[in-house]
Trainee: 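Got a structure here, written out as structure tokens. Questions coming.
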Amino acid sequence: MRCLLAVLAILLALPDAIQARVNRKHTETPLGPFPPEVHDSAMVSPDGRRIAYVKKSDGREMVVLDSQPQKAYDRAAALEFSPDGKWLAYAASSGGKWFIVVNGREEAPHDRVGPPVFAPDSRRLAYVAMRPDGNRVVVVNGKPGQPYAPVFQGRIVFSPDSRRIAYGGRTAKGWRLVVDEQPGKPYEYLGSSTGIHFNSDSTRVAMAALLSKKWRVVVDGQEQKPYDNIGDLAFSPDGRRLAYAACSGKKWQVVIDG
């Protein structure tokens, strides 16, 4: 004990100079004051190098990108940067039509459009568009897919490698999971809280679906055991295993690999 106290006394008595002092030099660049619009609509690119927001002027709206005003529209919304920060997409309306604008370039007009969704590699852009007949299509890089009525909650999911795409679409026979534009089996409904999941190597896809008033997880088109409810589901990091929460009656349990 005496040795310990002696060591503590020595340490407490050491001068501040025992820790090397670092002379840090830095500069600051003021970024404000920002106009009020920035607080409501500002979007910063993932790399933190770019900023965009919606500015209102004379009853019109325009996107301001890196301090440069873009074309004015009746409405501008749903700003989204690509993961690499090189592309900015948003929805805009003019003359009663909506379209997606990508780096200032307008895509084809539609009656309505959903928010833009970039693939992880930033090379593909998808969004939901409404046709004159009320049906919806998913447009990928300007090319529309098959019509559905409607697309499930406007959700579009790209695989981690960006090569595959999945979403839900309703047909006359029910809701289907559409993977790479191939519709699957119809169900009464799809899991809105659990969503659509690709595994890490993009080879498998899973979702929850309702059939005969029972929920079941569907993996690559194969149905697993039905339950009263399904909770969160997740693939393992290596993509080989699948786990999710499931409820039977009042009891919840974890289901692993079925």
Trainee: Using the rule that two of Ile, Leu, Val, Met, Phe, Trp, Tyr join whenever any of their side-chain heavy atoms come within less than 4.5 Å, decide whether Tyr167 and Phe118 are in one cluster.
Mentor: no
Trainee: Using salt bridge (Lys or Arg N to Asp or Glu O under 4.0 Å) as the criterion, list what pairs up with Asp121, not counting sequence neighbours.
Mentor: none
Trainee: Where is the tightest heavy-atom contact between Cys247 and Tyr227, given as atom of each residue plus distance?
Mentor: O-CB, 3.4 Å
Trainee: Could you tell me whether the side chain of Phe81 reaches within less than 4.5 Å of the side chain of Arg50, counting heavy atoms only?
Mentor: yes
Trainee: Which heavy atom of Gly114 sits nearest a heavy atom of Ile100, and at what distance?
Mentor: O-CD1, 3.7 Å
Trainee: Can you check side chain to side chain contact (heavy atoms under 4.5 Å, CB included) on Leu79 and Val54, steps first, answer last?
Mentor: CA-CA 9 Å; Leu79 279 63; Val54 177; 3.5 Å; yes
Trainee: Are Leu190 and Ile230 co-members of a hydrophobic cluster defined by side-chain heavy atoms under 4.5 Å apart?
Mentor: yes
Trainee: Give the C-alpha distance, both sets of side-chain angles, the deciding distance and a yes or no for side chain to side chain contact (heavy atoms under 4.5 Å, CB included) between Tyr187 and Lys173.
Mentor: CA-CA 8 Å; Tyr187 291 96; Lys173 294 183 178 180; over 6 Å; no
Trainee: Is it true that a side-chain atom of Ser82 and a backbone atom of Trp87 form a donor plus acceptor pair closer than 3.5 Å?
Mentor: yes
Trainee: Check the pair Phe152 / Tyr189 against ring-ring contact (aromatic ring centres under 6.0 Å, His included), numbers first and verdict last.
Mentor: CA-CA 9 Å; Phe152 185 64; Tyr189 206 61; 5.4 Å; yes
Trainee: Do the non-hydrogen side-chain atoms of Leu177 and Ile196 ever get within less than 4.5 Å of each other?
Mentor: yes
Trainee: Between Val205 and Tyr244, is there shared hydrophobic-cluster membership here, with clusters defined by ILVMFWY side-chain heavy atoms closer than 4.5 Å?
Mentor: yes
Trainee: Let me confirm one number: the CZ-NZ distance from Arg49 to Lys86, rounded to the nearest 0.5 Å.
Mentor: 11.5 Å
Trainee: Please report the interatomic distance NE2(His197) to OG1(Thr194), rounded to the nearest 0.5 Å.
Mentor: 6.0 Å
Trainee: With the side chain counted from C-beta on, respond yes when Asp74 and Glu61 share a heavy-atom pair under 4.5 Å apart, and no when they do not.
Mentor: no
Trainee: Going through the checks in order, is the side chain to side chain contact (heavy atoms under 4.5 Å, CB included) test met by Tyr90 and Gln70?
Mentor: CA-CA 12 Å; Tyr90 57 90; Gln70 310 294 298; 4.0 Å; yes
Trainee: Among residues at least two apart in sequence or on other chains, which ones pass side chain to side chain contact (heavy atoms under 4.5 Å, CB included) with Ser202?
Mentor: Ser159, Pro160, Asp161
Trainee: I need the minimum non-hydrogen distance between Ala42 and Tyr53, along with the two atoms involved.
Mentor: CA-CB, 3.9 Å
Trainee: Please assess Lys185 against Glu223 for the test side chain to side chain contact (heavy atoms under 4.5 Å, CB included), listing each intermediate value before the final yes or no.
Mentor: CA-CA 10 Å; Lys185 176 181 175 179; Glu223 297 175 2; 2.7 Å; yes
Trainee: Would you indicate whether the side-chain heavy atoms of Pro183 and Tyr148 approach each other to under 4.5 Å?
Mentor: yes
Trainee: Do the non-hydrogen side-chain atoms of Leu88 and Val63 ever get within less than 4.5 Å of each other?
Mentor: yes
Trainee: Please tabulate, one pair per line, all N/O donor-acceptor pairs under 3.5 Å involving side-chain atoms of residues 133-141, not counting sequence neighbours.
Mentor:
| unit_1 | atom_1 | unit_2 | atom_2 | d |
| --- | --- | --- | --- | --- |
| Asp133 | OD1 | Arg131 | NE | 3.4 |
| Asp133 | OD1 | Asn135 | N | 2.9 |
| Asp133 | OD2 | Arg131 | NH2 | 2.5 |
| Asp133 | OD2 | Asn135 | ND2 | 3.3 |
| Arg136 | NH1 | Gly134 | O | 2.8 |
| Asn141 | OD1 | Leu125 | N | 2.8 |
| Asn141 | ND2 | Arg123 | O | 3.3 |

Trainee: Taking atom types as modelled, is there a side-chain donor on Glu106 or Tyr73 under 3.5 Å from an acceptor on the other?
Mentor: yes
Trainee: Got Pro186 and Trp175 here, is their nearest side-chain heavy-atom distance under 4.5 Å?
Mentor: no
Trainee: Rounded to the nearest 0.5 Å, how far does CZ of Arg155 lie from CE of Met207?
Mentor: 12.5 Å
Trainee: Under a single-linkage definition using a 4.5 Å side-chain heavy-atom cutoff for Ile, Leu, Val, Met, Phe, Trp and Tyr, are Ile165 and Val151 assigned to the same hydrophobic cluster?
Mentor: yes
Trainee: Arg60 side chain to Ala72 main-chain N or O, any donor-acceptor pair under 3.5 Å?
Mentor: yes
Trainee: Locate the shortest heavy-atom distance separating Met62 from Pro69; write the atom from each residue and the value.
Mentor: SD-CB, 3.6 Å
Trainee: Heavy atoms, side chains only, cut-off 4.5 Å: are Phe198 and Arg164 in contact?
Mentor: yes
Trainee: CE of Met43 to CD1 of Ile51: how many Å apart, nearest 0.5 Å?
Mentor: 10.0 Å
Trainee: Would you tabulate the side-chain donor-acceptor contacts of residues 250-257 under 3.5 Å, counting partners in other chains and residues two or more places apart, or write 'none'?
Mentor:
| unit_1 | atom_1 | unit_2 | atom_2 | d |
| --- | --- | --- | --- | --- |
| Asp257 | OD1 | Leu242 | N | 3.1 |
| Asp257 | OD2 | Arg241 | NE | 2.8 |
| Asp257 | OD2 | Arg241 | NH2 | 3.2 |

Trainee: If I compare all heavy atoms of Ser200 with all of Gly239, which pair ends up nearest, and what's the gap?
Mentor: OG-N, 3.4 Å
Trainee: Give, for atom CD of Gln146 and atom CD of Gln182, the distance between the pair rounded to the nearest 0.5 Å.
Mentor: 9.0 Å
Trainee: Let me have the donor-acceptor pairs involving side chains of residues 210-219, under 3.5 Å, with sequence neighbours excluded, atom names and distances please.
Mentor:
| unit_1 | atom_1 | unit_2 | atom_2 | d |
| --- | --- | --- | --- | --- |
| Lys214 | NZ | Asp228 | OD1 | 2.4 |
| Arg216 | NH2 | Leu211 | O | 2.9 |

Trainee: In a table with atom names and distances, give each donor-acceptor pair under 3.5 Å that connects a side chain of residues 92-99 to protein atoms at least two apart or in another chain.
Mentor:
| unit_1 | atom_1 | unit_2 | atom_2 | d |
| --- | --- | --- | --- | --- |
| Ser93 | OG | Arg75 | N | 3.3 |
| Lys97 | NZ | Asp111 | OD1 | 2.6 |

Trainee: To check you understand the geometry: which heavy-atom pair defines the closest contact between Phe158 and Val117, and what is its length?
Mentor: CE1-O, 3.5 Å
Trainee: Are Thr171 and Arg176 packed together at the side-chain level, in the sense that at least one heavy-atom pair is separated by less than 4.5 angstrom?
Mentor: yes
